[in-house]
Amino acid sequence: MLHIGRLSFESPLVLAPLAGYTDLPFRLLCRAYGAGYCVSEMISCHGLTYGQKNTLKMVNSIEQEKPVSFQLFGADADIMADAAEILASFHPDMIDINMGCPVKKVTKGGAGAALMTTPKLAERILKKICLRVSLPVTVKIRSGKDSNHITGVEFAQMAENCGVSAIAVHGRTWSQGFSGRSDKKIISDIKEAVTIPVLGNGDIHSYKDAHKLMAETGCDGVMIGRSALGNPWVFSKQGRPAGFAEILSGANKHLQLIEQCLPAEKMVGSIKSQMCNYFKAMPGSSTMRQEILTARNLNELKQKMDAFAPANSALKASTGG
Ligand SMILES: Cc1cc2nc3c(=O)[nH]c(=O)nc-3n(C[C@H](O)[C@H](O)[C@H](O)COP(=O)(O)O)c2cc1C
């Protein structure tokens, strides 16, 4: 069991924040398949304080997905504290602060991973937010700026001193982006250096991998990102089902949740690419993906997916967990 502040989670496996993916329907699906909690896409502090329509759509949540964490990004301490207060009014269980995103759009304004190069500013942000909201505040970081500046340990200690309740560590540097491999050593170094829970992150592909990371580094939980796409079963011990029928049923469940929670007809493009993820690495997957991509609307997409069932029900997926 994972504990953060006064909260307890049934599983230590957590859905990592993924911009463009970890919306309410996908979070509900991952919770149903066993994620201890899920983190929203990153939410702009400016979007929240200006009350921007598109930002406010991102703070959509329902009781059924709880516990949930909403992630905030920005680089101005006062605006971040104001935004955290607004975010708290939407009743998430935690607020996560993004100090690890390497994307230029985010770092050019000093936010995300850039904050690891300005620890004094990061400290001001965390202190102000922890003072302003009563919810547990967590922070997601990288190992450092680059291989010559592995500052994750000092940074994590600073965050703990600010009142942060847990730290998620992606074991890559800012300059690595998503290249190379995630370093497990920085996760164990940080775990040894702080008393609050540490979540390891990076290149975890299965439930088994996640438990191995906890055993090897001592981390308290694991965040899984890319391996959950098209594979919400990654949070369960059984892993991805072998049979096509179960995979199709998972994809259909995701589609139904999107229809229930979002204006699905307006997002057919993104739904098609999410559905394609379910059929990756399966025999005949390229034909299925081509079929999905030619759908012109939601009805066509559903018809095409329904049509897969009889032809493919005997197929076995080629990958596990
Ligand atoms: C498409 C995509 C979107 C992401 N969006 C966010 C985000 O909004 N906030 C964040 O802190 N990290 C974000 N990340 C980083 C992931 O949360 C995670 O740290 C990274 O993908 C490594 O974990 P993984 O190997 O399990 O995917 C994103 C990564 C990807 C690939």
Side-chain angles (χ1 to χ4, degrees), residues 4-7 9 14-28 30-31 37-101 103 105-116 118 120-141 158-160 162-168 196 199 223 261-263 267:
I4 298 178
R6 274 165 284 125
L7 302 170
F9 306 92
V14 172
L15 175 66
L18 297 170
Y21 295 96
T22 56
D23 52 14
L24 175 60
F26 191 54
R27 298 196 305 264
L28 282 166
C30 291
R31 286 278 295 132
Y37 74 92
C38 301
V39 187
S40 73
E41 308 172 70
M42 59 181 150
I43 301 168
S44 154
C45 68
H46 299 289
L48 275 179
T49 53
Y50 293 146
Q52 275 172 2
K53 223 165 101 190
N54 284 343
T55 306
L56 293 174
K57 280 185 199 154
M58 296 168 92
V59 289
N60 186 16
S61 177
I62 57 173
E63 195 59 32
Q64 203 187 329
E65 74 158 326
K66 283 178 159 287
V68 64
S69 174
F70 285 164
Q71 192 191 57
L72 193 58
F73 78 97
D76 181 296
D78 290 314
I79 297 175
M80 284 290 274
D82 290 347
E85 196 174 342
I86 297 171
L87 209 50
S89 72
F90 290 93
H91 307 295
D93 300 274
M94 286 173 286
I95 294 180
D96 187 55
I97 310 301
N98 181 333
M99 297 198 175
C101 179
V103 173
K105 208 170 76 183
V106 170
T107 55
K108 74 171 195 267
L115 284 165
M116 294 203 67
T118 52
K120 287 284 165 222
L121 172 60
E123 186 175 28
R124 275 204 305 282
I125 292 174
L126 293 176
K127 271 192 179 151
K128 286 207 169 185
I129 293 176
C130 289
L131 278 174
R132 189 74 74 86
V133 299
S134 56
L135 297 171
V137 175
T138 63
V139 61
K140 183 161 172 285
I141 68 171
M158 173 278 286
E160 176 169 33
C162 291
V164 158
S165 298
I167 300 173
I196 52 177
L199 298 154
M223 269 193 182
C261 305
L262 300 172
M267 12 179 326

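In this text the structure is predicted, and so the values were computed from the model without any measurement. Reckoned from all heavy atoms, side chains included, excluding hydrogens, waters and symmetry mates.
Just one of D82, D78, D76 meets the salt bridge (charged side-chain N to carboxylate O under 4.0 Å, His left out) condition when paired with K128; it is D78.
In this structure, CG on L87 lies 9.5 Å from CD1 on I129, to the nearest 0.5 angstrom. Here the straight-line distance linking atom CG of D23 with atom OH of Y21 works out to 10.5 Å at 0.5 Å rounding. The distance from atom OG of S69 to atom CG of L7, rounded to the nearest 0.5 Å, is 10.0 Å. Atom CD1 of I125 is separated from atom CZ of F73 by 12.0 Å, given to the nearest 0.5 angstrom. Between atom CD of residue E160 and atom CD1 of residue I167 there is a gap of 6.5 Å, rounded to the nearest 0.5 Å. For the atom pair Q64 CD and R27 CZ, the distance stands at 12.0 Å (nearest 0.5 Å).
Ring pair Y37/F9: centre-to-centre distance below 6.0 Å.
Residues V68 and L24 form no side-chain contact, since every pair of their non-hydrogen atoms from C-beta on lies 4.5 Å or further apart. Within the 4.5 Å cutoff, the side chain of P17 has no heavy atoms near those of the N98 side chain. Side-chain atoms of T22 and E41, non-hydrogen and from C-beta on, do get closer than 4.5 Å to each other. Counting heavy atoms from C-beta on, the side chains of L262 and K57 never come closer than 4.5 Å. You'll find the side chain of C130 reaches within 4.5 Å of the side chain of V164, heavy atoms only. With a 4.5 Å cut-off on side-chain heavy atoms, M58 and S40 do not count as touching.
Between M80 and C45, the shortest heavy-atom distance links the atoms SD-CB, 3.6 Å. When every heavy atom of N60 is checked against every heavy atom of F70, the shortest pair comes out as O-CZ, 4.4 Å. Heavy atoms only, all atoms of each residue included: P92 and L135 are closest at O-CD2, 3.4 Å. Summarising the geometry of L15 relative to C30, their closest heavy-atom pair is CD2-SG, 4.0 Å, with the distance given to 0.1 Å. What you find for T55 and S44 is that their closest heavy atoms are CG2-O, 4.0 Å. The heavy-atom pair separating A88 from V133 by the smallest distance is CB-CG1, 4.0 Å.
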| message | For L48 and L72: C-alpha separation, side-chain torsions, deciding distance, then whether side-chain contact (heavy atoms from CB on, under 4.5 Å) applies. | response | CA-CA 9 Å; L48 275 179; L72 193 58; 3.7 Å; yes

Candidate pair R132 and E85, rule salt bridge (Lys or Arg N to Asp or Glu O under 4.0 Å), full reasoning: CA-CA 7 Å; R132 189 74 74 86; E85 196 174 342; 2.6 Å; yes

task: Using the side-chain contact (heavy atoms from CB on, under 4.5 Å) rule, take I4 and D93 through it: C-alpha gap first, then chi angles, then the decisive distance, then the call.
output: CA-CA 10 Å; I4 298 178; D93 300 274; over 6 Å; no

Is there a salt bridge (Lys or Arg N to Asp or Glu O under 4.0 Å) between E63 and K66 once you walk through the steps? CA-CA 6 Å; E63 195 59 32; K66 283 178 159 287; 5.2 Å; no

key: Criterion side-chain contact (heavy atoms from CB on, under 4.5 Å) on K53 and L56, from CA distance to verdict   = CA-CA 5 Å; K53 223 165 101 190; L56 293 174; 6.0 Å; no

| Which is it for K140 and V39 under the side-chain contact (heavy atoms from CB on, under 4.5 Å) test, yes or no, and what are the steps along the way? | CA-CA 11 Å; K140 183 161 172 285; V39 187; over 6 Å; no

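At distances below 3.5 Å, not a single donor-acceptor pair connects side-chain atoms of S165 with backbone N or O atoms of T138.
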